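Okay, so here's the structure we're looking at.
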2 protein chains.
Amino acid sequence: MNILITGAAGMVGRKLTEELVRRGEIGGRALTGLTLIDIVPPIVPDGVPGAALSVDMADPAAAQALIEQRPDVIFHLAAIVSGEAEADFEKGYGVNLDGTLALLRAVAAQPDYCPRFVFTSSIAVFGAPLPDPIPDDHTPEPLTSYGTQKAMGELMVNDLSRRGLIDGISLRFPTICIRPGKPNAAASGFFSGILREPLNGQEAILPVPDDVKHWHASPRAAVAFLIQAAEMDLTPMGPRRALSLPGVAATVGEQIAALERVAGPEAVALIRREPDETIMRIVEGWPRSFDPARARKLGFEAEPDMDTIIRVYIEDELDGRLPVQQG
Amino acid sequence: MNILITGAAGMVGRKLTEELVRRGEIGGRALTGLTLIDIVPPIVPDGVPGAALSVDMADPAAAQALIEQRPDVIFHLAAIVSGEAEADFEKGYGVNLDGTLALLRAVAAQPDYCPRFVFTSSIAVFGAPLPDPIPDDHTPEPLTSYGTQKAMGELMVNDLSRRGLIDGISLRFPTICIRPGKPNAAASGFFSGILREPLNGQEAILPVPDDVKHWHASPRAAVAFLIQAAEMDLTPMGPRRALSLPGVAATVGEQIAALERVAGPEAVALIRREPDETIMRIVEGWPRSFDPARARKLGFEAEPDMDTIIRVYIEDELDGRLPVQQG
């Protein structure tokens, strides 16, 4: 199996690459080639013949070159994140819309070629007011350019799948928690930060009240979603190929309680409450939880609870050990 | 007011142009210029300074030129119809998606410019299975490329309106009935044909059973929708700018009964039943009726019944007279 991953240098892209190489197969067929694409060249792990290319998805010529080797599976993860797509109109539409449409159309234009196309969409396709939980048939009415671009991509994935030009699926990812690495400027960053920083013995800022509820899944679950989406028979989905995924619904208060159960009160003591009106207003319009009945029926599963999400982080990022607590 | 109409040589485009020139104003402000665009050059009526241009909306350079004079109102009607967009992938996506996105982005790129943008969408954004009636919050899940392209356009109209780059609205037109002119190859053609041909003393073919129900509005109502959409304050719509419009829900049997009331049994005798499995299958997945509560609240109204739709045709297309019946 020849595999193409766009956005391969990103956090999920790197973990997906590692897991694919570790398995050495997908859907029972051996991995024979891996093409990793990002704006910076991703690192190709040993074990599978691969190529890493630095590609700007917004470049109209890029898509054609990417599919010349006719990958069997395309994981299209490349995206400008929500905050940046909102701040930079042309960059967001250039990568998230033009890049996606160009890749889809390059595939569609190839005769006798119908690859599995796994598109990472987002719960940002939904905009307030939102029910809690959000059912599978809720209308995507995004209130960000990022969500709009993802919703447009979903529609085209559906249409090309219906026409038999791709065998596509769009996965509406929960917010990834606990995102490893340093704090970033994303408005959603604190959902990971209030767990990650204390687990690393550092102080974390909490900008919203404890009753803010959100929808989470671990990086490990995200990779499992992607691989399952690449392997499964998509026929039962019919022409509707966009899927809200399972996750863990938790309030900030429930996140903190889980942190205390897993890492003790010393960890919780590192969270400093510093209300931020701007972040509160942004987060207010976000999904709180989903009823992803369709995805569950198709066999997708996230972690059972926030405690598990925290343990996954400790296992995957801290070698199973908590750092020595200070104080 | 400087006005741009794309697709101006089409049936609705011509009627809209005529009505605008007849009024000489829009929203209480005088018409000062009219630019009419189509793949064939439209005819510019007397009375308003205007230009007719032959433009291929799929040409990436087209959009920029169209908005150089900064029209106050843009009626974007240009489209490849459903059947052709399904048959010719590149042509459909080229005009219906690329053309629409290029026009929207050209407007968005202009500093200090926020025109009224009236986008003609379609009830084809909805795909089976469908409730009857279809509520305003039903999820667009199109089952044609045409419907997909329209749904994608709606999303971008919403996003650019939210960002204050356009003041946009998307109108999901009912099927236009009675469409004047000759029979065409559209799968929906018979909805008009079974009324239009008998009203002109000619035989009509009915390919579906009498209980097939569909959603109709006259060309006159379509023009009124467009003008209202150009004149009204869109602020009450918030960021959700796509609107399912009022129409007349009628079964084929009810259409025929209305024809008999208006034009007598001689007219009905001209309808020949010739079942067509292909057309029946296509039509089966179409919307039957809507509950367009939002549009009604905003003041949009279609004809009250099929009898009125037929009378509108007789007034507007037959100078108010039925031809002498034969037999």
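These figures come from a predicted structure and were not determined experimentally. Numbers restart at 1 for each chain; the letters A, B, ... are given by sequence-line order, proteins then strands.
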Might you confirm whether atom CD of Gln69(B) has over 12 heavy atoms from other residues, nucleotides or ligands at distances under 6.0 Å?
no
Check whether any side-chain N or O of Arg163(A) sits under 3.5 Å from a backbone N or O of Glu86(B) as a donor-acceptor pair, and report yes or no.
yes
Please check if the side chain of Thr148(A) supplies one atom and the backbone of Met156(B) the other of a donor-acceptor pair under 3.5 Å.
no
Side chains of [X] and [Y]: closer than 4.5 Å at any heavy-atom pair?
X         : Y         : result
Pro142(A) : Asp159(B) : no
Leu165(B) : Phe89(A)  : yes
Leu155(B) : Glu154(A) : no
Arg240(A) : Thr139(B) : no
Glu141(A) : Asn158(B) : no

Checking heavy atoms, do the side chain of Ala108(A), its backbone, both or neither come under 4.5 Å from chain B?
side chain
At what distance, to the nearest 0.5 angstrom, does CE of Met152(A) lie from CG of Leu101(B)?
4.5 Å
Assert top hit (heavy-atom pairs under 4.5 Å, partner chain B, pool Ala128(A), Ala109(A), Ala242(A)) equals Ala128(A)
Can you tell me which of Pro239(B), Ala151(B), Ser145(B), Gly147(B) forms the most heavy-atom pairs within a distance under 4.5 Å of chain A?
Ser145(B)
